[in-house]
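Counting from 1, the numbers follow the sequence of the chain as shown. Below, all heavy atoms of this structure are taken into account, side chains as well, without hydrogens, waters or symmetry copies.
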Amino acid sequence: MIITREYASFAEARDSFGGSIGFVPTMGALHEGHLSLIRRAREENDHVIVSIFVNPTQFLEGEDLDKYPRREEADRKICELAGVDLLYLPSIDQIYEEDELSISAPKIRGYILEGASRPGHFDGMLQVVMKLLNLSRADRAYFGKKDAQQLVLIQQMVRNYFMKVQIVPCEIVRDADGLALSSRNVYLSPEERRRALSLSRSLKRAAKLVQSGERKSEVIRAVMTGILEPEVTELDYVAIVDRNFRPLEEVELGNTIILVAAKVGETRLIDNLWV
Ligand code: PAF
């Protein structure tokens with residue numbers, strides 16, 4: 001595995017690869033969720049590139065940029081064992097210069113739900129993903145469905161800017177107790193973790209309701225809220241949208257995402273279900 005922090009040596013290594021390239025951009029603190037993306041990239045491509053970059057422009061003032069978990073040594077080992085060919089660990093000045101061009105998330109889809117709670121987050125996320133996709137010149141890039149709105153906005157950016165990369169959505173990976181894997185789960189105390197399970201429990205209940213024929217978003221949202229409110233510290237939203245993030249009054253099978261975001265203690269968690 002080639003490990004580099006410099007753009008020049010990254011580009012040189014990248015250019016030495018023949019065949020197809022799969023790319024997994026991450027912010028590090030790698031877990032089974034990331035590994036599932038890397039494994040899929042390994043299966044579907046001749047070469048796999050992973051980047052680890054805690055991107056400052058997608059964190060809002062007062063968010064957890066400084067305490068975001070950083071585990072470079074462990075991450076390197078995980079990448080090595082997973083058969084990654086090139087690991088890019090750029091510093092901020094390798095990615096950004098002063099007075100940058102910026103990318104703006106779409107005014108509606110980028111500013112509802114996560115975008116409403118974290119205004120500007122998606123601008124920064126799209127900006128760095130555009131850079132990383134251009135740097136890697138990958139054939140395929142792998143993103144988890146857990147960050148559903150992020151995934152849909154990246155697909156839109158690729159469409160809107162006529163980029164050639166194929167975005168591959170990957171299934172959510174959960175712990176045995178149902179909690180969706182996230183690098184931020186390490187912030188949870190054992191008691192908070194127990195309460196955090198209400199997110200996946202509410203989604204499971206929503207799935208059951210849909211299976212039994214319920215289609216009304218209002219009914220599903222009310223049942224989910226009833227499960228969540230006694231457990232979470234602050235319920236941010238329960239939303240039912242189509243795959244383009246337009247709100248739905250009724251669930252459309254094959255075209256619906258049910259989303260939840262809540263704070264448990266100080267930790268903000270998101271989870272969702274694609275039906
Ligand atoms: O999902 C993430 O870890 C980040 O948002 C990403 C896509 C690596 C961009 O910084």
Side-chain angles (χ1 to χ4, degrees), residues 31-33 59-60 62-64 67-69 108-119 121-122 144-153 169 171-253 255-275:
H31 51 62
E32 270 298 321
F59 286 79
L60 269 60
E63 286 191 342
D64 57 343
K67 71 166 191 171
Y68 196 85
I108 299 171
R109 223 167 292 163
Y111 284 87
I112 55 169
L113 304 175
E114 283 306 283
S117 304
R118 306 179 69 194
H121 162 68
F122 286 128
K145 285 181 170 179
K146 178 168 165 287
D147 291 298
Q149 199 171 356
Q150 163 172 289
L151 169 62
V152 167
L153 291 172
E171 294 307 320
I172 297 175
V173 180
R174 298 177 181 283
D175 265 331
D177 58 9
L179 189 67
L181 295 190
S182 160
S183 303
R184 291 188 167 101
N185 289 352
V186 295
Y187 302 150
L188 297 167
S189 69
E191 168 59 10
E192 286 168 348
R193 195 188 155 92
R194 188 198 60 71
R195 288 162 48 208
L197 294 178
S198 59
L199 275 76
S200 55
R201 210 165 52 238
S202 72
L203 290 166
K204 251 192 176 162
R205 184 83 179 88
K208 283 229 169 79
L209 284 171
V210 173
Q211 267 161 26
S212 64
E214 183 60 65
R215 294 288 176 272
K216 288 207 167 52
S217 298
E218 202 185 310
V219 173
I220 297 168
R221 264 205 314 270
V223 172
M224 289 178 68
T225 304
I227 293 170
L228 289 157
E229 268 181 352
E231 302 287 354
V232 303
T233 311
E234 199 182 307
L235 181 56
D236 191 349
Y237 59 78
V238 173
I240 301 185
V241 298
D242 71 10
R243 302 273 163 104
N244 273 315
F245 272 78
R246 280 184 285 256
L248 286 175
E249 285 188 10
E250 300 220 336
V251 167
E252 295 169 4
L253 289 185
N255 186 34
T256 299
I257 314 173
I258 305 178
L259 304 122
V260 52
K263 260 192 167 176
V264 178
E266 284 303 304
T267 308
R268 190 164 182 285
L269 299 170
I270 57 173
D271 200 352
N272 65 66
L273 174 76
W274 299 53
V275 288

J.: Checking Glu114 side chain against Ala261 main chain: does a donor-acceptor pair fall under 3.5 Å?
T.: no

J.: Going by side-chain hydrogen bond (donor to acceptor under 3.5 Å, both in side chains), name the residues that satisfy it together with Asp236, two or more places apart in sequence or in a different chain.
T.: Ser117, Arg268

J.: Excluding sequence neighbours, so at least two apart, what forms ring pair (Phe, Tyr, Trp, His ring centres under 6.0 Å) with Phe59?
T.: Tyr68

J.: Applying salt bridge (charged side-chain N to carboxylate O under 4.0 Å, His left out), which residue pairs with at least one partner in residues 181-210 are found, sequence neighbours left out?
T.: Asp64-Arg184, Asp175-Arg193, Asp177-Arg193, Glu191-Arg194, Arg194-Glu231, Arg201-Glu231

J.: To the nearest 0.5 Å, what is the distance between CD (Glu214) and CD (Glu250)?
T.: 8.5 Å

J.: Taking all heavy atoms of Arg243 and all of Val152, pick out the closest pair and write down the distance.
T.: O-CG2, 3.6 Å

J.: Does the pair Leu269 and Asn185 meet the rule for a side-chain contact (heavy atoms from CB on, under 4.5 Å), with working shown?
T.: CA-CA 8 Å; Leu269 299 170; Asn185 289 352; 3.7 Å; yes

J.: Nearest 0.5 Å please: distance from the NZ atom of Lys216 over to the CG atom of Leu209.
T.: 13.0 Å

J.: Given 3.5 Å as the limit, does a donor-acceptor pair link the side chain of Gln150 with the main chain of Gly144, or not?
T.: no

J.: Answer yes or no: is there a donor N or O on one side and an acceptor on the other, between the side chain of Arg215 and the main chain of Val210, under 3.5 Å?
T.: yes

J.: How far apart are the closest heavy atoms of Pro169 and Leu151, and which atoms are they?
T.: CB-CD2, 3.7 Å

J.: Starting at CG of Asn272, measure out to CG of Leu199 and round the result to the nearest 0.5 Å.
T.: 10.5 Å

J.: Tell me if the CD1 atom of Ile108 is crowded by more than 12 foreign heavy atoms within 6.0 Å.
T.: no

J.: Which heavy atom of Phe122 sits nearest to which heavy atom of Gly110, and what is that distance?
T.: CD1-O, 3.5 Å

J.: If you compare all heavy atoms of Leu203 against all heavy atoms of Ile258, which two are closest, and at what distance to 0.1 Å?
T.: CD2-O, 3.6 Å

J.: List the residues meeting ring pair (Phe, Tyr, Trp, His ring centres under 6.0 Å) with His121, not counting sequence neighbours, and say none if there are none.
T.: none

J.: What's the shortest heavy-atom distance between Leu179 and Ser200, and which atoms?
T.: N-OG, 4.2 Å

J.: Where do Tyr187 and Pro69 come nearest, in terms of heavy atoms and distance?
T.: OH-CD, 3.4 Å

J.: Going from CD1 on Ile270 to OG on Ser182, what distance comes out if it is rounded to the nearest 0.5 angstrom?
T.: 7.5 Å

J.: Say you draw a straight line from CD1 of Ile172 to CH2 of Trp274; how long is it, rounded to the nearest 0.5 Å?
T.: 8.5 Å

J.: So does Thr256 get a backbone contact from the side chain of Asp242, meaning a donor-acceptor N/O pair under 3.5 Å?
T.: no

J.: Can you sort out the partners of Glu234 under side-chain hydrogen bond (donor to acceptor under 3.5 Å, both in side chains), two or more places apart, ordered by chain and number?
T.: none

J.: Would you compute the distance between atom CG of Leu259 and atom CG of Asp271 and round it to the nearest 0.5 angstrom?
T.: 9.0 Å

J.: For residues 217-230, run the donor-acceptor check on the side chains, cut-off 3.5 Å, and write out each pair with its distance to 0.1 Å, sequence neighbours left out.
T.:
| unit_1 | atom_1 | unit_2 | atom_2 | d |
| --- | --- | --- | --- | --- |
| Ser217 | OG | Leu248 | O | 2.6 |
| Ser217 | OG | Glu249 | O | 3.0 |
| Thr225 | OG1 | Arg221 | O | 2.7 |

